[in-house]
Participant: 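This structure is in structure tokens; I'll ask about it shortly.
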Amino acid sequence: MTKNETKWEYNYLKLYEYILIHKQFPDKKKEEHRGLLNWWKYNKRLIKSKNIDNVRLQRLIALSEMRLKRQPSSHIALSPTDNHLSEDVDGDIL
């Protein structure tokens, strides 16, 4: 395992532990875990530019799905009889 792979795995496990405990990503205003949030945002940029391998992508998706998703105040709510998915402001499926 290369140094970069080791560092990626370390950051992944630290963020995994954080999400298990707090059910959300670290707060950008709290300095002690800001590095993990920056690591997450860096990987999101890699995903958008398609510069990440599939194994890492799947692991990051799993991390994201571990979070408790809050219901934003301004979201599109469809009736249960509609065959559409509800979306929040960012276009994320709820």
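Start at 1 with the first residue, then count along the sequence.
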Participant: Roughly how far, to the nearest 0.5 Å, is CG of Leu60 from CD1 of Ile47?
Facilitator: 5.0 Å

Participant: Looking only at non-hydrogen atoms, find the nearest pair between Pro26 and Leu15 and report the distance.
Facilitator: CD-CD1, 3.7 Å

Participant: Among pairs that include at least one residue of residues 31-40, which meet salt bridge (Lys or Arg N to Asp or Glu O under 4.0 Å), considering only residues two or more places apart or in two chains?
Facilitator: none

Participant: Run Glu5 and Arg56 through side chain to side chain contact (heavy atoms under 4.5 Å, CB included) and show every step you take.
Facilitator: CA-CA 10 Å; Glu5 290 170 337; Arg56 287 185 178 180; 3.8 Å; yes

Participant: Taking side-chain contact (heavy atoms from CB on, under 4.5 Å) as the test, write out the residues that go with Leu13, two or more places apart.
Facilitator: Glu9

Participant: What's the separation between atom OH in Tyr18 and atom NE2 in His33, rounded to the nearest 0.5 Å?
Facilitator: 5.5 Å

Participant: Where is the tightest heavy-atom contact between Met66 and Ile19, given as atom of each residue plus distance?
Facilitator: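 For Met66 and Ile19, the tightest heavy-atom pair comes out as CB-CG2, 3.6 Å.
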
Participant: Nearest 0.5 Å, please: how far is CZ in Arg67 from CG in Leu20?
Facilitator: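 That separation rounds to 14.0 Å.
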
Participant: Minimum heavy-atom separation for Asn11 to Leu36, with atom names?
Facilitator: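 Looking at all heavy atoms of both residues, the closest pair is O-CD2, 3.8 Å.
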
Participant: Who are the side-chain contact (heavy atoms from CB on, under 4.5 Å) partners of Tyr10, not counting sequence neighbours?
Facilitator: Lys14

Participant: Are the side chain of Gln58 and the backbone of Val55 linked by a donor-acceptor contact shorter than 3.5 Å?
Facilitator: no

Participant: By the side-chain hydrogen bond (donor to acceptor under 3.5 Å, both in side chains) test, which pairs, at least two apart or in different chains, include something from residues 38-53?
Facilitator: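 Found Trp8-Asn43, Ser49-Asn51.
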
Participant: Check side-chain contact (heavy atoms from CB on, under 4.5 Å) between Thr6 and all other residues, then give those that pass, not counting sequence neighbours.
Facilitator: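 Here the qualifying residues are Met1.
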
